[in-house]
Amino acid sequence: MQIKWGALAGTAGVSFGVTVAIVAVFALGTLALSRHEAAREAAAAEGGSGGGSAALGMAAVCFAACAAAVGYGLYLIAVR
């Protein structure tokens, strides 16, 4: 039995890269969600309502991307 070290290194590299990307996207989503909350608190302090809807949208996009990556990983495990 021979191990294809190049393929193993390539798989490890891609796995590491995807893991770092997913963690970064999740962190950006968390940051956007905290900015949304801060904008809502600032708007409430000024007597207004709303605020931070762009940040909420960005958080939703980031969390949806993370969920899609997890779903794709489960698809690869279960179906393929």
Side-chain angles (χ1 to χ4, degrees):
M1 181 167 111
Q2 292 183 345
I3 297 174
K4 296 180 182 177
W5 291 104
L8 181 63
T11 302
V14 168
S15 297
F16 180 75
V18 169
T19 300
V20 169
I22 294 298
V23 169
V25 169
F26 189 83
L28 288 174
T30 304
L31 176 66
L33 196 58
S34 70
R35 290 198 176 169
H36 167 69
E37 292 297 323
R40 283 185 60 199
E41 288 176 6
E46 294 175 359
S49 63
S53 60
L56 183 61
M58 180 57 107
V61 167
C62 289
F63 293 141
C66 289
V70 168
Y72 182 64
L74 291 174
Y75 164 76
L76 289 177
I77 292 170
V79 177
R80 293 184 95 186

Subject >> Within one Ile-Leu-Val-Met-Phe-Trp-Tyr cluster: V79 and I77, side-chain cutoff 4.5 Å >> reply: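 No; I77 is not reachable from V79 via cluster members.
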**OP:** Hey, could you give me the CZ/CG distance between R35 and L56, rounded to the nearest 0.5 Å?
**Re:**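 Separation between the atoms: 14.5 Å.
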Subject >> Spatial distance of atom CE (M58) from atom CG (L28) [nearest 0.5 Å] >> reply: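 Going from the CE atom of M58 to the CG atom of L28 covers 7.5 Å.
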Subject >> Among V18, T19, V20, V25, side chain to side chain contact (heavy atoms under 4.5 Å, CB included) partner for I22 >> reply: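 Per the side chain to side chain contact (heavy atoms under 4.5 Å, CB included) rule, the option paired with I22 is V18, out of V18, T19, V20, V25.
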Subject >> Shortest non-hydrogen contact between F63 and T30, atoms and distance >> reply: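 Answer, listing the atom of F63 first, then T30: CZ-N, 3.7 Å.
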**OP:** Please report the closest heavy-atom contact between G29 and A59, naming both atoms and the distance.
**Re:**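 So the minimum-distance heavy-atom pair works out to O-CB, 3.5 Å.
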Original post:
Does A55 offer a backbone N or O that forms a donor-acceptor pair with the side chain of H36 under 3.5 Å?
Top reply: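 No, the answer is negative, given that no donor and acceptor are paired below the 3.5 Å cut-off.
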